[in-house]
Amino acid sequence: MDTLGLTKKVITVKIGGRTTEDLEQLRPFAADLKDLMAGHYPLIVHGGGAEVTRISKQLGFEPRFHEGIRITLSEEMDVVEMILSGKVNKHLVRFFQSCGLPAVGLCGADGKTFSGRTLGTVEGKETRTGNVAEVDPRLLTALFTAGFLPVLSSTSMDKRGVGVNINADTVAFEVSCKLNSDSLVFISDIPGVLKDGQVLKSLSRDEVRREIAAGTISGGMIPKATSAVEALKHGVGQVIIGQYCERGSLRALLEGGMGTCFHL
Ligand SMILES: Nc1ncnc2c1ncn2[C@@H]1O[C@H](COP(=O)(O)OP(=O)(O)OP(=O)(O)O)[C@@H](O)[C@H]1O
Ligand SMILES: [Mg+2]
């Protein structure tokens, strides 16, 4: 038993927006998760960036990004929460339940699993985008030991109870550290970190810094690669970025057969 009272190791799997929408990929992914649950406690953290962009645009909001992070204005926060912690989270829970997985959906505010702190003013605009302020693992560990599969979205609240939107990669990193995760896997729409069209098999902390400065790592890959090295630094056993392709991909990613693996 570890310091959190868990008898199995936690594996944190972050799934990106486009993966959450593709039922052709989610079905075998659910089967892989079922296998994984025999020996581990999987935690799913999900994004939903593509859906937020689509619906926000329909409502007249122009998406803004700063160093790969979405800048959520106060007037957009309700919509972002509705999409990430409503539409996307419930879609995943319903889907996993229909596959026989004991999924439970929650956001950061539930059980105060993680709370946030906003970035303040970015490029002259007040924003509800933030960072993780604190993580409380108790609700997640209670769900694990009761046999559930937690499905965590990336919105939460600040000290006053006002909504905060946090990049899902950052949430996955912060929560996986608190849970002493064995592995943290980022599943996205690319087969790994790419350079000149090739997947980089492994990346060190210094190489990540260099490739960000060189512009090879850009956009949404910036918070992902940064979170990957931060997680390693804070004790997560292994971190992989890759793509889900077919039945068995989750195991292949965990065993180093696919994707980009990180080291310090
Ligand atoms: N060097 C790189 N290698 C691979 N992808 C890169 C690289 N640099 C930038 N990217 C971009 O990063 C994207 C992945 O991050 P993105 O934030 O879009 O998705 P996600 O994090 O999986 O989903 P969500 O944001 O919904 O959680 C890729 O689709 C690609 O366009
Ligand atoms: Mg992203």
Side-chain angles (χ1 to χ4, degrees), residues 12-22 25-26 29 43-57 63-72 76 79-89 91-92 107-108 114 129-132 151-156 165-176 184-205 207-231 239-245 249-250 253 258-262:
T12 303
V13 184
K14 189 267 168 163
I15 52 177
R18 282 164 289 265
T19 313
T20 67
E21 292 167 18
D22 186 350
Q25 284 187 358
L26 276 182
F29 177 66
L43 162 68
I44 305 297
V45 178
H46 66 84
E51 189 70 355
V52 170
T53 295
R54 200 161 36 238
I55 297 178
S56 291
K57 272 188 173 167
R64 282 186 187 78
F65 294 88
H66 179 76
E67 291 169 5
I69 305 267
R70 179 182 304 275
I71 299 302
T72 305
E76 285 174 292
V79 173
V80 169
E81 186 173 51
M82 278 191 262
I83 298 166
L84 295 178
S85 301
K87 188 170 190 275
V88 177
N89 187 269
H91 158 74
L92 283 173
C107 75
F114 64 88
T129 295
N131 282 315
V132 172
V151 179
L152 186 62
S153 71
S154 63
T155 67
S156 190
N165 183 28
I166 303 171
N167 182 275
D169 299 333
T170 312
V171 168
F173 136 60
E174 296 272 6
V175 176
S176 70
L184 167 59
V185 186
F186 293 97
I187 292 176
S188 189
D189 58 351
I190 33 79
V193 181
L194 301 168
K195 184 174 179 173
D196 303 326
Q198 300 289 314
V199 173
L200 297 171
K201 282 264 165 227
S202 91
L203 265 178
S204 71
R205 186 170 17 163
E207 286 167 332
V208 166
R209 212 175 297 141
R210 232 177 292 138
E211 299 302 355
I212 290 174
T216 316
I217 292 177
S218 63
M221 191 49 69
I222 298 175
K224 211 181 296 299
T226 310
S227 296
V229 285
E230 284 298 313
V239 186
I240 307 107
I241 292 179
Q243 193 165 26
Y244 191 88
C245 304
S249 284
L250 188 53
L253 286 162
M258 283 166 68
T260 302
C261 196
F262 289 80

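Atom set for the values below is all heavy atoms of this structure, side chains included, hydrogens, waters and symmetry mates excluded. Each ligand, and each atom within it, is numbered from 1 in the order the structure gives. Remember, predicted model here, so these are calculated numbers, not experimental data.
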To the nearest 0.5 Å, how far apart are CD in E174 and OG1 in T12?
12.0 Å

In this structure, CG of L200 is separated from CG of L203 (nearest 0.5 Å) by 5.0 Å

With a 4.0 Å cut-off on N to O distance, would you call E21 and R54 a salt bridge?
yes

Contacts for ligand 1, heavy atom under 4.0 Å, by chain and number, are K14, G16, G17, R18, G47, G48, G49, D169, S188, D189, I190, G192, V193, L194, T216, I217, S218, G220, M221, K224

For E51 and I83 the tightest heavy-atom approach is CG-CG2, 3.6 Å

Would you kindly say whether S227 and D169 are connected by a side-chain donor-acceptor distance under 3.5 Å?
no

Just to verify, what does D22 make a salt bridge (charged side-chain N to carboxylate O under 4.0 Å, His left out) with, not counting sequence neighbours?
none

